[in-house]
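Everything below concerns the one structure shown next.
Counting starts at 1 for both ligands and their atoms, in listed order.
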Amino acid sequence: MSETTPIGVITIPAFNDNYFWLIHNKQYAVVVDPGDAAPVLAALNQFRLQLVAILITHHHADHTAGVLDLLRLCEVPVFGPANPKIAGITHAVKNNDTVQIPLMGLEMLALEVPGHTLDHIAYVATTHGWLFCGDTLFAAGCGRLFEGSPEQMYASLSLLATMPDTTLVFCAHEYTLSNMRFALEVEPDNRILLARQKVDTNKRANNQPTLPSNIGLEKKTNPFLRCNEPSVIKSLIKHGKIKAGSDAVTVFTALREWKNGFR
Ligand SMILES: [Zn+2]
């Protein structure tokens with residue numbers, strides 16, 4: 001296989017609202033966050049692909065529980081955080097490591113993005129402009145803070161937001177429509193958000209994923225990437241969540257707490 005072999009990404013829906021991502025070149029494949037082996041094996045079978053590596057973003061079971069079952073059937077390297085809670089990791093990755101998949105001519109940059117969990121890693125296929133960010137950045141939202149601080153999550157999201165606007169965002173859950181309901185509560189007059197809601201509502205009505213998103217769209221519609229936007233700040237002040245003059249981390253913290261209680 002040469003590096004010019006086109007590489008694509010297959011969506012594997014799992015559980016209620018998870019997506020596992022299968023990066024492939026029509027012969028070999030890498031799976032991101034296999035929380036269950038069965039749908040991964042079905043996709044490998046359906047598309048006649050040979051699994052050559054597993055990537056893990058963080059320790060939660062819906063991202064990891066399929067690893068050992070897959071390893072029983074295919075002995076492949078497993079890249080992920082150095083966290084003893086994750087069974088099967090063969091290659092622990094840390095910030096700025098490069099993950100190499102030589103059979104596919106694929107290189108991915110690992111970034112530590114703590115916040116949702118402390119061990120969370122995002123993988124960037126720089127040459128393709130793909131971001132696999134697990135439960136850190138979601139379409140129109142972000143992950144809950146189970147382990148990290150608001151400062152950590154804000155820094156992690158800000159780092160992801162520095163990527164080129166065209167970067168495709170492959171996050172791990174189909175939360176987009178409910179995230180957008182909250183985003184519109186914060187910014188009811190955001191026209192790009194209103195247009196996005198129409199597009200993505202149609203996709204879900206046709207049982208299509210709303211993902212991948214892209215960084216440019218997220219910067220225009222995702223309140224958690226808009227902590228410096230006057231419209232977001234004004235809305236938080238109006239709803240009594242922050243005082244005027246609050247810094248961006250305070251804005252982020254108030255948004256995350258508001259979302260936690262939003263139904
Ligand atoms: Zn998680």
Side-chain angles (χ1 to χ4, degrees), residues 9 11-23 30-40 54-70 78-89 92-95 99 108 110-124 130-161 168-180 182 209-213 218 222-225 252-253 255-257 259-262:
V9 183
T11 311
I12 305 178
F15 309 124
N16 277 341
D17 51 31
N18 282 69
Y19 292 124
F20 312 153
W21 301 107
L22 197 60
I23 310 164
V30 175
V31 68
V32 183
D33 282 353
D36 183 7
V40 179
I54 297 171
L55 301 184
I56 298 296
T57 61
H58 67 292
H59 70 85
H60 286 159
D62 60 321
H63 299 251
T64 58
V67 171
L68 293 183
D69 287 339
L70 288 171
V78 183
F79 299 88
N83 185 342
K85 286 180 185 160
I86 309 173
I89 298 283
V93 295
K94 53 186 193 320
N95 204 29
V99 172
M108 304 188 86
L111 296 174
E112 290 177 5
V113 285
H116 174 69
T117 60
L118 288 174
D119 67 348
H120 206 301
I121 300 276
Y123 299 92
V124 190
W130 297 337
L131 166 66
F132 299 88
C133 50
D135 291 353
T136 300
L137 173 65
F138 287 129
C142 76
R144 283 177 185 266
L145 305 186
F146 285 115
E147 296 175 2
S149 65
E151 287 81 4
Q152 284 176 315
M153 189 59 143
Y154 180 71
S156 295
L157 293 172
S158 299
L159 172 68
L160 300 181
L168 295 182
V169 177
F170 296 88
C171 51
H173 288 276
E174 181 61 68
Y175 291 159
T176 313
L177 294 188
S178 69
N179 283 343
M180 267 191 286
F182 174 70
T210 60
L211 304 175
S213 175
E218 291 309 317
N222 187 328
F224 297 100
L225 298 189
F252 173 78
T253 308
L255 277 173
R256 190 56 261 182
E257 282 171 6
K259 173 80 163 63
N260 290 346
F262 182 78

With ring pair (Phe, Tyr, Trp, His ring centres under 6.0 Å) as the test, would you mind laying out the steps for His63 and His173 before giving the verdict?
CA-CA 11 Å; His63 299 251; His173 288 276; 5.8 Å; yes
Residues His116, Asp135; criterion side chain to side chain donor-acceptor pair (under 3.5 Å); working and verdict:
CA-CA 7 Å; His116 174 69; Asp135 291 353; 3.2 Å; yes
Angular separation of His60 ND1 and His58 NE2 about the Zn ion (ligand 1), given to 10°
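So the angle at the metal works out to 100°.
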In degrees, rounded to 10 degrees, what angle do Asp135 atom OD2 and His116 atom NE2 make at the Zn ion (ligand 1)?
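Approximately 90° at the metal, rounded to tens of degrees.
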Taking atom OG1 of Thr64 and atom CG of Asp36, what is their separation to the nearest 0.5 Å?
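So the gap between those two atoms works out to 11.0 Å.
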Between His59 and Glu147, is there a side-chain donor-acceptor contact under 3.5 Å, judged purely by atom types and distance?
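Result is yes, a qualifying pair exists.
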If I take every N, O or S atom of His120, is at least one of them less than 2.8 Å from the Zn ion (ligand 1)?
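So His120 does not count as coordinating the Zn ion (ligand 1).
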Strictly under 2.8 Å, is any N, O or S atom of His63 next to the Zn ion (ligand 1)?
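It does not; every qualifying atom lies at 2.8 Å or beyond.
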